[in-house]
Enquirer: 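Once you've had a glance at the structure underneath, I'll fire off some questions.
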Amino acid sequence: MIEKNIIDALYKKINILTGESEEKMETVRLEEPPSLYLGDYSTNIAFRLARVLKKSPMVIAEEIADSLKSENIEGIKDIKAVNGYINFFLDYNSYSKKGVKKILDEKNNFGRGEEKNKKIILEHTSANPNGPLHIGHSRNAIVGDSLKRVLEFAGYEVETQYYVNDMGRQEAIVVFGLDKFKLDENKKPDHAIGEVYVEANKLLNENPELEENILDLMKKYEESSEKNEENEITKKFEYAVNYALNGFKETLKNLNIEHDKFVWESSYVKNGMVREVIKNLMETGKVEKDEVYRLDLSDFGIEKKLVLARLNGTSLYSTRDIAYHIDKMKNCDMGINILGADHKLTAEMVNASLKLLGYNTPEIVFYEFISLPEGSMSTRRGRFISIDELFEEAKTRAIEEVKKRGVATDEDEINEIAHKIATGAVRYNIVRISPEKPMVFRWNEALDFEKVGCPVIQYAHARCCRILENGLNNEHNNNSNIDINEPFDYELNDNEKILIKTLLKFPKVVEKSADVRKPQIVANYVLDVAQAFNRFYGNCPILKEKNQNIVYSRLKLVECTKTVIENGLNILGIECPGKM
RNA sequence: GGGCCCGUAGUUUAGCCUGGAUAGAAUACGGGGCUUCGGACCCCGUGAUCGAGGGUUCAAAUCCCUCCGGGCUCGCCA
């Protein structure tokens, strides 16, 4: 609101100075000066006007600042021109009073965006069910789930889908392996499937003649699916896929991730859409034939040709994916896919094909790989670190830490607290990094609880809880009469100013994060909140303060901090233990 | 070789879309604070030729070009 007042006032001034209408003017954008000392908002518009007005930015800034001063912009106490910038100073007494009221009124809805009336289908994880989810997949799942929560909080309706690759070669290898090797039923299901998969691959490497069996399985599964026929083969595939999927669900649940829908790619063979897609693509006139049919996508800048089906007639991943996306895009206003960088070319081809057929295309959020210090991971060779391993290690570490600190004695309670800490640590360490940055996984970094982000944030929250508890007790004991309607009836210090300002940025942070599809913006923001709070806490006595207005106001700040951290972590899928 | 992505303090990184005030933080390191509103804390300090070189601009980490280093990709695999 204040920002809008400032911008409107600025536009009016610029209009007077240049005679240009608002549409033609340079866009006025408010930014934050590097320090409180310089002000709370600033604009560099004087630099941009310098050429048009043929005056130096300094002079223009002073002219504008001087004339704005007389206008009394609501919420602004002072305006100064410095080095060509026009800086605005907030009236912190009213700003804080209003801000705190807003946060406490809206509570866990503070920051929530207005209903957008748009449905988004967000596809994430979609890992092949041929072995446990590893830390590479965790990036997909965590970025995807965080983005879902950010978008929902921002006002979109979001449905998450897991696209199940049940028809691929790798699944045929699993089914083949299940006939040859015994499934270890004592192991977590996805891990057991993974072992069979690794063994089967070994066997195939040593006996290339067995390859025929794989092709045969794929062919039979597809033929049966086309006929919607249930038989031995389809049962084997379904069993294997579901078996692994159950393990995945368990893993994801530890990270607070749950999909709304699991969509099997075979369903698009069963309902005839794959065949129809091929037919429609054939009719575009862009298909060439040599041994097989190839779709020419050079109109879309793609030199590689898309093969529509295998020589033996079975369908390919890309074609099935096109069918899936046609169906998906019909059922939403926007589609978003979270995909690994290795899918870039395929995704481009799928999108080009969709355009060719006249359908909407999904947006794609790509993430780069997580590698190990010794190189890249591989499910096939069994070289990877599973999410389960990482989570268990993190939880063990958290339990130790909680016990050491002695905040809880009850085993169940310790377990619950540690669980939240572990989920937070795992999720936060992934989501805070921009997805396009390659990551190298190191155990000591992943488990360094003393130093790493999330526990610090959760701890700040726990501390808020404790202070509020104590504050409430004091109030009862003293039976003090505090005028609850007029907090901040004093000159705030810098730590308080920075904290309240940071807290009130939250709605904008959510909006921006949703707009650009970057949950890491929220992640970095919540850490800012914790830091601002810690400085405030370290420098501003709360319960020891004598002035009752200050005590009351600071307690309100604590309550607001608690709310914002809860809301912020919640949209990152992280819970806050009340003590830790 | 072509295409895409990444390269910012010792380390992990924010900022890059939309160019502007001394490049923000964490960690590590050095110093200080326990009469703890729970020290997973606070205060001060050291540490960055923003991969290199050109260009555009009053102004470049940010935009453009070239190069270097790393990753991914270029299958009738997914």
Side-chain angles (χ1 to χ4, degrees), chain A residues 27 29 31 33-35 38 42 44 46-48 50-51 56-57 82-85 87 126-128 130 165 167-171 215 265 291-294 301-304 307-318 320-321 340-346 348 366-369 371 376 380 401 404-407 421 429 432-440 442 445 448-460 462-463 465-471 474 495 516 520-521 523-524 527-528 530-531 533-545 551 554-555 558 579-580:
Chain A
T27 315
R29 214 172 262 121
E31 34 194 68
S35 90
L38 287 165
S42 76
N44 62 12
F47 288 92
R48 302 172 188 286
R51 181 166 312 167
S56 86
V82 185
N83 292 333
Y85 290 88
N87 295 343
S126 302
N128 295 333
N130 59 342
N165 294 313
M167 298 200 80
R169 199 186 122 78
Q170 81 301 115
E171 200 51 38
L215 292 174
E265 57 174 342
E291 283 178 306
V292 285
Y293 292 98
R294 292 171 201 270
I302 300 169
E303 288 318 309
K304 186 173 140 52
V307 176
L308 296 181
R310 291 192 185 88
L311 200 52
N312 72 3
T314 55
S315 64
L316 289 154
Y317 170 80
S318 315
R320 299 189 295 261
D321 210 22
D342 55 337
H343 283 67
K344 279 185 183 179
L345 182 57
T346 329
E348 245 181 83
F366 288 106
Y367 63 92
E368 290 290 327
F369 279 16
S371 57
S376 56
R380 185 163 44 83
E401 203 66 32
K404 198 171 88 193
R405 289 163 198 273
V407 287
I421 294 174
N429 278 342
R432 59 183 257 267
I433 309 292
S434 302
E436 67 271 16
K437 299 240 189 202
M439 290 177 88
V440 178
R442 293 188 180 86
E445 283 173 12
D448 202 348
F449 279 15
E450 296 277 339
K451 279 96 197 170
V452 147
C454 200
V456 170
I457 301 167
Q458 288 170 319
Y459 186 77
R463 177 177 271 159
C465 294
R466 202 53 14 82
I467 295 170
L468 289 171
E469 238 174 57
N470 295 337
N474 280 6
N495 292 305
V516 298
Q520 73 267 30
I521 293 177
N524 287 303
L527 188 60
D528 277 351
Q531 270 165 23
F533 175 74
N534 281 339
R535 296 211 166 112
F536 160 78
Y537 171 82
N539 295 292
C540 308
I542 302 167
L543 302 174
K544 283 179 180 167
E545 170 64 45
V551 173
R554 287 184 177 163
L555 277 172
V558 173
K579 53 182 169 179
M580 58 189 281

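To find a chain, count down the sequence lines: A is the first, B the second, and so on, and within it residues start at 1. As the structure is a computational prediction, the values presented were derived from the model and not from experiment.
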Enquirer: Just N and O in the side chain of A:R535: are any of them under 4.0 Å from OP1 or OP2 of B:C43?
Expert: yes
Enquirer: Side-chain N or O of A:K437 less than 4.0 angstrom from OP1 or OP2 on B:G7?
Expert: yes
Enquirer: Checking only heavy atoms, does the side chain of A:R466 share a donor-acceptor pair with the base of B:G38 at less than 3.5 Å?
Expert: yes
Enquirer: Considering only heavy atoms and no angle criterion, is a donor-acceptor pair shorter than 3.5 Å present between the side chain of A:R463 and the base of B:A40?
Expert: no
Enquirer: Donor-acceptor pair under 3.5 Å: do we get one between A:N87's side chain and the base of B:A21?
Expert: yes
Enquirer: Say whether, by atom type as modelled, one donor and one acceptor occur between the side chain of A:E265 and the main chain of A:M167 under 3.5 angstrom.
Expert: yes
Enquirer: Tell me, please, which residues at least two apart from A:R380 pass side-chain hydrogen bond (donor to acceptor under 3.5 Å, both in side chains).
Expert: none
Enquirer: Looking at every strand, decide which applies to A:C540 at a 4.0 Å heavy-atom threshold: base, sugar-phosphate, or nothing.
Expert: base
Enquirer: The criterion is salt bridge (charged side-chain N to carboxylate O under 4.0 Å, His left out); which residues satisfy it with A:E171, sequence neighbours excluded?
Expert: none
Enquirer: Who pairs with A:S434 by side-chain hydrogen bond (donor to acceptor under 3.5 Å, both in side chains), at least two apart in sequence or on another chain?
Expert: A:Q520
Enquirer: State which residues pass salt bridge (charged side-chain N to carboxylate O under 4.0 Å, His left out) with A:R48; sequence neighbours excluded, sorted by chain then number.
Expert: none
Enquirer: Can you list everything that forms a side-chain contact (heavy atoms from CB on, under 4.5 Å) with A:V558? Sequence neighbours excluded, please.
Expert: A:C464, A:I467, A:L468, A:F533, A:F536, A:I542
Enquirer: Under 4.0 Å: is that the gap between some side-chain N or O of A:Y459 and OP1 or OP2 of B:A40?
Expert: yes
Enquirer: State which residues pass ring pair (Phe, Tyr, Trp, His ring centres under 6.0 Å) with A:F47; sequence neighbours excluded, sorted by chain then number.
Expert: A:Y85
Enquirer: With nearest nucleotide decided by heavy atoms, which residue, A:R320 or A:N83, maps closer to the 5′ end of RNA chain B?
Expert: A:N83
Enquirer: So, are A:R405 and A:E401 salt-bridged, with charged N and O less than 4.0 Å apart?
Expert: yes
Enquirer: Just to be sure I understand the rule, does A:A460 reach a base, reach only the sugar-phosphate, or reach nothing, if contact means heavy atoms closer than 4.0 Å?
Expert: nothing
Enquirer: With sugar-phosphate meaning primed atoms plus P, OP1 and OP2, does A:R48 contact a base, only sugar-phosphate, or nothing at under 4.0 Å between heavy atoms?
Expert: base
Enquirer: side-chain contact (heavy atoms from CB on, under 4.5 Å) between A:I457 and A:L527: does it pass, once the steps are laid out?
Expert: CA-CA 6 Å; A:I457 301 167; A:L527 188 60; 3.9 Å; yes
Enquirer: Under 4.0 Å: is that the gap between some side-chain N or O of A:R442 and OP1 or OP2 of B:U11?
Expert: no
Enquirer: Can you tell me which stems RNA chain B forms, taking runs of 3 or more consecutive Watson-Crick or G-U pairs with both distances under 3.5 Å?
Expert: B:1-7 with B:68-74, B:10-13 with B:24-27, B:29-33 with B:41-45, B:51-55 with B:63-67
Enquirer: Report the residues that fulfil salt bridge (charged side-chain N to carboxylate O under 4.0 Å, His left out) with A:R554, sequence neighbours left out, ordered by chain and then residue number.
Expert: A:E496, A:E545
Enquirer: Between the protein and nucleotides 32-36 of chain B, list the N/O to N/O atom pairs that are separated by less than 3.5 angstrom.
Expert:
none

Enquirer: Which atom pairs link the protein and nucleotides 72-76 of chain B when you take only N or O atoms and keep those under 3.5 Å?
Expert:
from, atom 1, to, atom 2, distance (Å)
B:G75, O5', A:K304, NZ, 3.4
B:C76, O2, A:L311, N, 2.5
B:C76, N4, A:E291, OE1, 2.9

Enquirer: Do any side-chain nitrogens or oxygens of A:S434 fall under 4.0 Å of OP1 or OP2 in B:A14?
Expert: yes
Enquirer: Quick one: list whatever passes salt bridge (charged side-chain N to carboxylate O under 4.0 Å, His left out) with A:R310, sequence neighbours left out.
Expert: none
Enquirer: Which residues pass the side-chain hydrogen bond (donor to acceptor under 3.5 Å, both in side chains) test with A:S315, sequence neighbours left out?
Expert: A:E222, A:R320
Enquirer: Between B:G38 and A:N470, is there an OP1 or OP2 to side-chain N/O distance shorter than 4.0 Å?
Expert: yes
Enquirer: Is there a donor and acceptor pair, one atom on the side chain of A:S35 and one on the base of B:A21, closer than 3.5 Å?
Expert: no
